[in-house]
Amino acid sequence: MIPYGRQTISEADIEAVVKVLRSDYLTQGPVVKFFEETVAEKCSATFGVAVNSATSALHIACRALDLSKGDWLWTSPNTFVASSNCGLYCGARVDFVDIEAETGNMDVLELADKLIQAEKDNCLPKIVIPVHFSGQPCDMAEIYSLAKRYGFAIIEDASHAIGARYQDDPTGACTYSDITIFSFHPVKVVTSGEGGMALTNNEVLAEKMALLRSHGITKDASLMTGESHGPWHYQQIELGYNYRMSDIHAALGLSQLQRLESFVEQRHGIASYYDKALAELPVHLPLRKNDRYSSLHLYVMQLAGETNAINHGKVFESLRESGIGVNLHYIPVHTQPWYAKMGFVWGDFPIAENYYRRAISLPIFPDLSRDQQDMVINTLQKILQ
Ligand SMILES: *Cc1c(COP(=O)(O)O)cnc(C)c1O
């Protein structure tokens, strides 16, 4: 089965991991710090806080921004559940903003309308999390200007989007946000096995996230109360977690990062080939906007015309039966049973639901061969023509 995404591991990656295994520190050593500095520099951010997953990064980002009970967090329904669960972890309430059908990203016009209503109802969000779906950045300048007007913070869920660019800056620069988070899960653009990172230009937020990542424990005398008990002394000053990344994971991530640009270029080569080969089929191909550069984590085509669950399901199954491991991004989060319990129903976010009924994620990853890609294309032609 050709998967929809997979990691690309080199001998250099393997050596980098082995080197850590032979060293003194498997965790809390120097490699994590170096990984943080390298990602931050590549993405033009000041601070990077490495953690064991993007899910953890989202959680500590929300905590650092003081999200708590009674607050609202808004995100896109066309995402992985982690983008909204982070709000629930903090006891906040969660709501969604529908998407643009062409990109799968949060629709800023919908956001603007929803903010007008929320201001009237006195329930403006404290945090909005735009998700850069498939690796294409959202309309960040517009979202940022709404943030200034309505006073919410922005966390970019860039789990798909390391290596992307928006206007003049790499994703992660936080030009239009407070915090940006990345995922290093193996299906994503670069991997550390499991792992994530939060980037920010705000030192206070960076320090809070670093504290929360490791139990809320500090050895910094200036943050402690009372007299030091001695050189062994530490204090827990926040309720934090063990969300640390190990040096083993960081070594893999760091080694992978050196190939970020070529990974993304290879993804563009694959996407352009699909664009040309599928142009005549009854499908909508993913729109890439001009003022930004996608990292192309996903290539999602949508079945065109009249579609229903049966023919969508049939196309999907035929592809799987032909050995093509297509996937579906995403089941709208508000339709998950956990969210239905909060009162969300089918029909709440019709564009995301319609997207779900048409979307199919085709294989895209650097090692996908031209022969494999031709096989995907030929199979699609047979099924759809
Ligand atoms: C993968 C993903 C996450 C979670 O990443 P983990 O590193 O697996 O925790 C969050 N948001 C989106 C949009 C993702 O695709």
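As the structure lists them, so they are numbered: ligands from 1, and atoms in each ligand from 1.
Protein residues having a heavy atom under 4.0 Å from any atom of ligand 1 are Ser53, Ala54, Thr55, Thr79, Phe80, Ala82, Ser83, Val131, Asp157, Ser159, His160, Ser183, Lys188, Gly195, Tyr330, listed by chain and number.
The six-membered or imidazole ring of Phe133 lies near that of Tyr355, with a centre-to-centre distance under 6.0 Å.
Screening Phe349, Tyr339, Trp74 against His334 for a ring-ring contact (aromatic ring centres under 6.0 Å, His included) leaves a single residue, Phe349.
Inspection of the Arg259 and Ser10 side chains reveals an N or O donor paired with an N or O acceptor under 3.5 Å. Between the side chains of Asp275 and Tyr299, at least one donor-acceptor pair of N or O atoms lies under 3.5 Å.
Environment of CG in Asp367: crowded, with over 12 heavy atoms of neighbouring residues, nucleotides or ligands closer than 6.0 Å.
Remark: His297 pairs with His160, Val187, Lys188, Val189 by the side-chain contact (heavy atoms from CB on, under 4.5 Å) rule, at least two apart or across chains.
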